[in-house]
A.B. asks: 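Got a structure for you, written out below as structure tokens; questions coming shortly.
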Amino acid sequence: MKNTLYRALAIVTLSISLFSCSSDDDSNNVSGNGKLILEFDNAYGANDLILNTQGNTTSNSEVLKVSLVKYIVSNVVLTKADGTTFTYPKSKSYFIADESSAEGREFELTDVPAGDYVKVKFGIGVDEEQWKLGAAGQGDFLAKADAAGMMWSWAAGYKFLAFEGTFTSPTVTTATPFMIHTGKTGTDYNYTEVTVDMPTKALVRTTITPEVHLITDLSKIIDGKNKIKLSDNNMGGMGAMIMGGANLPLITQNISAMFRVDHVHND
């Protein structure tokens, strides 16, 4: 009886050991390619963004109603837990985030090497190196950007971010249009890059497509480190227009700090 009990315990111990080894092998044997989704969720401060009706108050007591939000996301680089990086092919690495369109909120990256990713870097706008390739060097993205209203003209280049709506303030009591467009102006190119950490690992596998949920806090465009008053830029009947000048580099600095990863779905 005792020998039978010992044999049974030995079998159970061996089974546990084999299962443990198998599990360790599976966790370390990460190979192949998969997909990863970047989801951009626009907010204003602590609130989810609602276009056209939501009043958003700045620290300068200006109240904005946002009607349009678009920005170009580009040059995606993913960092693994071991510190190695994967640069998404540049020819596929230009996307247009658009609050008014479901297609403009999620971007699928394909052929991503399997691995545990902990950080993502991306640009806002089209980098100068790409723009200098000329109209013929833009592939089909130039037509997409033009159709989306994200071009000033080819000579002037891309709009990197378009942020529009109406505002009131203590000195501007009637709802007045505002328009903020960033891009190449004079000697300022105004392209910026963002690097954000993931609170949990994004597990890219052949059978798992993680979704990285980013929050974009649009309040930081004019109410971040640099405070910009729309009323100071009000041009009377045209409204507040910021498309160049000294404020645009300040806004570009603000844009680089308006993204964070809220959570990661590994489904």
Side-chain angles (χ1 to χ4, degrees), residues 38-73 95-107 122 124-125 148-150 152 158-183 185 190 192 194 196 199 212-263:
L38 297 177
E39 178 187 2
F40 287 84
D41 185 358
N42 292 315
Y44 198 99
N47 300 313
D48 190 34
L49 181 70
I50 301 173
L51 291 177
N52 298 310
T53 58
Q54 179 186 59
N56 304 286
T57 304
T58 72
S59 62
N60 284 314
S61 300
E62 296 183 326
V63 180
L64 284 61
K65 289 187 178 180
V66 181
S67 60
L68 182 146
V69 179
K70 295 182 183 182
Y71 44 92
I72 295 174
V73 177
F95 312 94
I96 299 174
D98 180 357
E99 173 64 21
S100 67
S101 165
E103 294 78 15
R105 299 177 193 174
E106 292 188 0
F107 309 117
F122 52 88
I124 296 299
M150 294 300 283
W152 277 322
Y158 294 96
K159 298 174 188 175
F160 299 164
L161 173 140
F163 183 55
E164 302 177 9
T166 62
F167 80 101
T168 57
S169 74
T171 58
V172 182
T173 56
T174 302
T176 299
F178 74 86
M179 186 178 294
I180 297 172
H181 294 169
T182 70
T185 59
N190 294 308
T192 189
V194 178
V196 287
V212 180
H213 188 120
L214 295 109
I215 301 294
T216 307
D217 181 2
L218 299 167
S219 72
K220 287 186 165 54
I221 294 174
I222 61 170
D223 204 14
K225 175 184 177 181
N226 302 305
K227 310 294 183 184
I228 311 294
K229 274 189 175 183
L230 292 174
S231 51
D232 288 347
N233 294 271
N234 190 12
M235 303 173 67
M238 295 181 65
M241 314 282 280
I242 304 177
M243 300 183 190
N247 279 332
L248 217 56
L250 298 177
I251 288 172
T252 299
Q253 291 176 22
N254 286 347
I255 288 171
S256 66
M258 72 180 187
F259 298 91
R260 65 177 176 87
V261 177
D262 186 69
H263 59 271

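The model shown is predicted, which means the values in this text are computed figures rather than measured ones. Note that the numbering runs from 1 along the sequence shown for the chain.
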A.B. asks: I'd like to check Ile242 versus Leu248 (side-chain heavy atoms, cut-off strictly below 4.5 Å). Are they in contact?
C.D. replies: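 When only atoms from C-beta onward are counted, Leu248 and Ile242 do touch, with a gap below 4.5 Å.
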A.B. asks: Can you see which heavy atom on Asn52 is nearest to which on Ser67, and at what distance?
C.D. replies: OD1-CB, 3.2 Å
A.B. asks: Starting at CE of Met258, measure out to CG of Asp217 and round the result to the nearest 0.5 Å.
C.D. replies: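 Taking CE in Met258 and CG in Asp217, the distance rounds to 8.5 Å.
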A.B. asks: Does the side chain of Leu230 come within less than 4.5 Å of Val172's, by heavy atoms?
C.D. replies: no
A.B. asks: Can you measure from CG (Leu218) to CD1 (Ile255) and round to the nearest 0.5 angstrom?
C.D. replies: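 These two atoms lie 9.5 Å from each other.
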A.B. asks: What are the two closest heavy atoms between Ile50 and Gln54, and how far apart are they?
C.D. replies: N-OE1, 3.1 Å
A.B. asks: Among Thr176, Asn56, Thr58, Val66, exactly one meets side chain to side chain contact (heavy atoms under 4.5 Å, CB included) together with Phe167. Which residue is that?
C.D. replies: Thr176
A.B. asks: Ignoring hydrogens and angles, tell me if any N or O in the side chain of Asp41 forms a donor-acceptor pair with the backbone of Leu214 under 3.5 Å.
C.D. replies: no
A.B. asks: How many angstroms lie between CD in Glu106 and CD in Glu39, if you round to the nearest 0.5 Å?
C.D. replies: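 CD of Glu39 is found 4.5 Å from CD of Glu106.
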A.B. asks: How far apart are the closest heavy atoms of Ser231 and Ser169, and which atoms are they?
C.D. replies: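 Ser231 and Ser169 have their closest heavy atoms at CB-OG, 3.7 Å.
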A.B. asks: How far does CG of Asn47 sit from CG of Asn42, to the nearest 0.5 angstrom?
C.D. replies: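 Separation between the atoms: 13.5 Å.
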A.B. asks: In terms of relative ring orientation, are His181 and Trp152 parallel, tilted or perpendicular, with 30° and 60° separating the classes?
C.D. replies: tilted
A.B. asks: Determine yes or no for a side-chain-to-main-chain donor-acceptor pair under 3.5 angstrom, with Asn190 supplying the side chain and Gly183 the backbone.
C.D. replies: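 Answer holds: yes.
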A.B. asks: If you round to the nearest 0.5 Å, how far is CE of Met241 from CD1 of Ile180?
C.D. replies: 11.0 Å
A.B. asks: Please assess Thr173 against Thr168 for the test side chain to side chain contact (heavy atoms under 4.5 Å, CB included), listing each intermediate value before the final yes or no.
C.D. replies: CA-CA 5 Å; Thr173 56; Thr168 57; 6.0 Å; no
A.B. asks: State, with a plain yes or no, whether a side-chain heavy atom of Ile124 is found less than 4.5 Å away from one of Ser256.
C.D. replies: no
A.B. asks: Which of parallel (below 30°), tilted (30 to 60°) and perpendicular (above 60°) describes Phe40 and Phe259?
C.D. replies: perpendicular
A.B. asks: Go through Ile96 and Tyr158 one step at a time and tell me if the side chain to side chain contact (heavy atoms under 4.5 Å, CB included) criterion holds.
C.D. replies: CA-CA 11 Å; Ile96 299 174; Tyr158 294 96; over 6 Å; no
A.B. asks: If we only count heavy atoms from C-beta on, is the Phe163 to Phe178 side-chain gap below 4.5 Å?
C.D. replies: yes
A.B. asks: What are the two closest heavy atoms between Ser59 and Lys227, and how far apart are they?
C.D. replies: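 Between these two residues, the closest heavy atoms are OG-CD, 3.9 Å.
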A.B. asks: Using the rule given for side chain to side chain contact (heavy atoms under 4.5 Å, CB included), can you reason through Lys225 versus Asn254, listing the C-alpha separation, both sets of side-chain angles and the distance that settles it, and then say yes or no?
C.D. replies: CA-CA 6 Å; Lys225 175 184 177 181; Asn254 286 347; 4.0 Å; yes
A.B. asks: When you compare the side chains of Asp223 and Tyr44, does any donor N or O come within less than 3.5 Å of an acceptor on the partner?
C.D. replies: no
A.B. asks: So does Asn60 get a backbone contact from the side chain of Lys229, meaning a donor-acceptor N/O pair under 3.5 Å?
C.D. replies: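 Flag not set: sc Lys229 to bb Asn60 has no pair under 3.5 Å.
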A.B. asks: Are Ile221 and Leu161 side-chain neighbours, meaning at least one heavy-atom pair lies under 4.5 Å?
C.D. replies: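 Yes, at least one pair of side-chain atoms sits under 4.5 Å.
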A.B. asks: What's the shortest heavy-atom distance between Ala43 and Ile215, and which atoms?
C.D. replies: CB-CG2, 4.0 Å
A.B. asks: Minimum heavy-atom separation for Ala97 to Val73, with atom names?
C.D. replies: CB-CG2, 4.5 Å
A.B. asks: Is there a side-chain contact between Thr185 and Met243 in this structure, where contact means two heavy atoms from C-beta onward sitting under 4.5 Å apart?
C.D. replies: no
A.B. asks: CZ of Arg105 to CG of Asp98: how many Å apart, nearest 0.5 Å?
C.D. replies: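 Between Arg105 CZ and Asp98 CG, I get 8.5 Å after rounding to 0.5 Å.
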